[in-house]
Structures are given as structure tokens and as C-alpha cells.
Number of protein chains: 2
Amino acid sequence: MSHSDFLLVDDPSAQKTLFKKGTVLQNKGDVHLKAFYIKKGLVRSYTIDSKGKQHVFMFAPEEWIIGDIEAYQYEHPTELFIDCLEDTELIKLKMDHLDQDHLSHDQLKKNLRLLGRRVGLLQRRVLMLMSATAGERYALFLNDYPLLPNRIPQYMIASYLGITPEALSKIRGQKT
Amino acid sequence: MSHSDFLLVDDPSAQKTLFKKGTVLQNKGDVHLKAFYIKKGLVRSYTIDSKGKQHVFMFAPEEWIIGDIEAYQYEHPTELFIDCLEDTELIKLKMDHLDQDHLSHDQLKKNLRLLGRRVGLLQRRVLMLMSATAGERYALFLNDYPLLPNRIPQYMIASYLGITPEALSKIRGQKT
DNA sequence: TATACTTCTTAATTTAGATCAATGCACCCC
DNA sequence: GGGGTGCATTGATCTAAATTAAGAAGTATA
């Protein structure tokens, strides 16, 4: 599940930078988006719906890439906020690093594998959201990301799972 | 939203075939999976959960590609059934058509764009499943796929949206 | 034409999880 | 050290949608 096979971090257009916890990397409505390759730290993306409620779309720890591929592909302003949950060192990448002309055959193939894994992850998430109860969701999360729970506040995990913090708290309580 | 830019249908390894409505193209547990490019007709993929309930993962009408990229990427047997909702003419593709060595630079780039769109679609679906009410889900579906509802039984649309057929029926009733 | 599926609708009941509300703990900083 | 502010827990209520159950309407089969 690691993204360490992503080599484009050597891209000359890349700029490596350090951000404090809480820094907002992307706001809803932004255009000309970047993607972020996380060297160290933890970043998340989320939306705010019409009722003002936050929904975590994904977490990106070390070696992950985060960004709004949807907005890039369909060429509209992003719906996603992205911010740092920890002090984070990351590399900003141009979104078109995926399919730029100058990329080598091997780089394109690596990117295809990367995107394929992203599709796989999202497929699992969709099926989970359609069929799993709150308890099952948390179990799947623990299974998929055994190291993350210690680093993320529970209300954000709940948001990622599509349940309320209260519901998650109850599940964890009765699970002993 | 069309996939007409997918040119690999000229792949010499491709075999074009005709299937009757109801034909099962893929069973849960299958390995060595194919992908299917739909020339004419309508195909769907779905899972059956632990309680025996079906969940439609996606519909593929003309010019779409369907297959289990998740199982291919992570190299395990598929969870998805795939079957024909109409008499269907399709082209079977090897799964590694995505990143095969012999592909040209342009073909790789086309495939990247294709996968990028798939990621975008799934992102929207995830956010929808996390935040939208039953009514909102149906409205989004009508908006995204204005032509499909006439071709698909309502209980399958409900399944795709993550709601029951009864709930969808009520929504449609009071929407006049 | 009759018979049997399949799909859709409608209504009564139940339930998982949301919402609302109160309390308890940690950390912060000033 | 005292007073916030943010987060987790617990319990009481509420609600959207699931479940259950019946029947209606359409379509295919024989």
C-alpha cells in the first residue's frame, strides 16, 4: 500500500517545503492545483457540505500523494480543503506531472500503477460506505491503517468513516 | 464523461463478442481478470455482502470500460460480479493493457487520462455517499447520468445509490 | 388465456445512528 | 495556578431510512 515507487519527486519543477501543523495547503475554490508528496508528517483533505459539516476525504502520511485529481481532470475549481495535521515536510508537484509530455515511458508506467492503486483504494471505500455498519467500518480502518489511529483525533477518523464522533466513541467503548 | 478517447480497442489481443442479457461475465473469486469495453448494450458490476445483499458498484453503457482494477492491482481474487443488463457487444481486454510494455507513449498518456477520470468519478461517489441524503443522491444521479434511468430497473439504481428500492420509490413519488 | 415472474408502490413498524446536551479531561497560554 | 479551548465520553431523545409485508401492474412463459 506504500507509494514509495513514486519517483517523480526528482522532478526539477518540484519544490520541497516545510509547513507547521494547521497550515492550509489548499482552499475550496482554488484553481491551478498542486499535488503534494508527503516526505514527513501528516496531511488530510476534506470537504464542507451544504449544512456546514466536514467530511474527511483522505489522510496522507509519509510517502503518500494527496491532491484533487477530480478537479484537475474535469477542470473546475476544487471542493477540497487540504491542511496539515502535523508539522509536515512535503514536495509540491504540478498536477500535470501525471501525463506530461516530457515524462519517460517508465515514469508513465509508474504513474499508471500509482493511479491504479488509487482507483483500487477508492473502490474499496465506496463498497465499504455502501455496505458496512459503523462497527465494521472502524474495524476495516484499523485493518487498513494500523498505525494511523494514534496520530489522528478520533473525530476525524469518524468523519473519514462517515459516522459521528459519538458513534465511534460508543463503538470503541463496547469493544473491550 | 465519455470514454471515447480510449483507443486500445484496436489491441490485436482484443476479442469482440456478443452476449445475451443476463450473461455473467465475471464471478466473485475469479482470477486472471479481463476488462470489458462496451460497444453496445449495458453491463454492471456488483458485490454481495455478508448478509447476502447486492450492491451495484458501477454501470457501464456504450463506450465505457468495466472491470475490477482493485483486484488486479492488489493481485487478489475479485469480489465483483459482472453481468449484462441488456444484450451486449463488447471487447475483452487483458487487464495489463493499462501498463503493458509495448504500449506507445501516447497510449500510456491516454490511459492515464482514463484512469484519472475514473479516480475523479470515484471521488465524487465517495463524497456523495458520505454526505448526501437519499433524495440528494437520486438528484445527483439524474444529473450525472440523464439517459441511464430509462434503461435500468429502479431497484438497481437504488442499490447504486446505497438506498433501498422502497426509499427510492417514495422519493420519486413525492417529486411531482 | 392463464400462470408465474419481476418490478414498483404503499403503508406500518423497527432500528442504527444522528442529534442534542451535559460532564470530564487534557493541554495550552496568559 | 486558574481559565480557556479542544476532544472524548455518556446518556436521552429523535429521525431518516431499513425492514417487513401486501398488493398492483407489467411482462414473459407455456
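Lettering follows sequence order; numbering is per chain, from 1.
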Student: I need the CG-P distance between Leu161(A) and dG17(C), as an integer number of Å.
Tutor: 12 Å
Student: Just the rounded figure in Å: distance from C1' of dC8(C) to CD1 of Ile152(B).
Tutor: 16 Å
Student: Output the single nucleotide from dA17(D), dT7(C), dT9(C) whose closest atom is nearest the side chain of Tyr155(B).
Tutor: dT7(C)
Student: Quick check for you: among dA17(D), dT9(D), dT19(C), whose closest atom lies nearest to any side-chain atom of Gln154(A)?
Tutor: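 Side chain of Gln154(A) sits closest to dT9(D).
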Student: Counting the atoms with a prime plus P, OP1 and OP2 as sugar-phosphate, which does Leu168(A) contact under 4.0 Å by heavy atoms, base, sugar-phosphate, or nothing?
Tutor: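 The residue Leu168(A) makes no contact with any strand.
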Student: Round to the nearest Å and state the distance from Leu85(B) atom CG to dT7(C) atom P.
Tutor: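 Result: 10 Å.
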Student: Among dA8(D), dT7(C), dT19(D), which is the nearest nucleotide to the side chain of Pro153(A)?
Tutor: dA8(D)
Student: Under 4.0 Å between a side-chain N or O of Thr164(A) and OP1 or OP2 of dA18(C)?
Tutor: yes
Student: Could you check whether the rings of Tyr138(A) and Phe141(A) sit parallel, tilted or perpendicular, using 30° and 60° as the cut-offs?
Tutor: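 The arrangement is parallel - the two ring planes meet at less than 30°.
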Student: Between C1' on dA16(D) and CE on Met130(B), what's the gap in Å once rounded to a whole number?
Tutor: 19 Å
Student: Using a strict 4.0 Å threshold on nitrogen-to-oxygen distance, state whether Lys21(B) and Glu86(B) make a salt bridge.
Tutor: no
Student: Report yes if a side-chain nitrogen or oxygen of Arg172(A) is closer than 4.0 Å to either non-bridging phosphate oxygen (OP1 or OP2) of dA8(D); otherwise report no.
Tutor: no
Student: Counting only side-chain heavy atoms from C-beta out, which of dA12(C), dT7(C), dT9(C) sits nearest to Lys170(B)?
Tutor: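 Out of dA12(C), dT7(C), dT9(C), the nucleotide with an atom closest to Lys170(B)'s side chain is dA12(C).
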Student: How close or far is atom C1' of dT7(C) from atom NZ of Lys21(B), stated in whole angstroms?
Tutor: 11 Å
Student: Heavy-atom distance under 4.5 Å between the side chains of Arg44(A) and Asp83(A), does that happen here?
Tutor: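 Arg44(A) vs Asp83(A): side chains touch.
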Student: Answer yes or no: is there an ion pair linking Arg118(B) with Glu70(B), defined by an N-O contact shorter than 4.0 Å?
Tutor: no
Student: Which part of the nucleic acid, if any, lies within reach of Lys51(B) when heavy atoms closer than 4.0 Å are counted: base, sugar-phosphate only, or nothing?
Tutor: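 Answer is nothing: Lys51(B) stays at 4.0 Å or more from every strand.
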Student: Checking side-chain contact (heavy atoms from CB on, under 4.5 Å) between Ser159(A) and each of Val56(A), Thr164(A), Ile152(A), which is the one that passes?
Tutor: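 That would be Val56(A); it is the only one of Val56(A), Thr164(A), Ile152(A) passing the side-chain contact (heavy atoms from CB on, under 4.5 Å) with Ser159(A).
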Student: Go nucleotide by nucleotide along DNA chain C from the 5' end; which of Met156(B) and Glu166(B) gets its closest nucleotide reached first?
Tutor: Met156(B)
Student: Quick one: Ile163(A) CD1 to dA17(D) P, roughly how many Å, whole number?
Tutor: 18 Å
Student: How many Å lie between CD1 on Ile171(B) and P on dA18(D), as a whole number?
Tutor: 9 Å
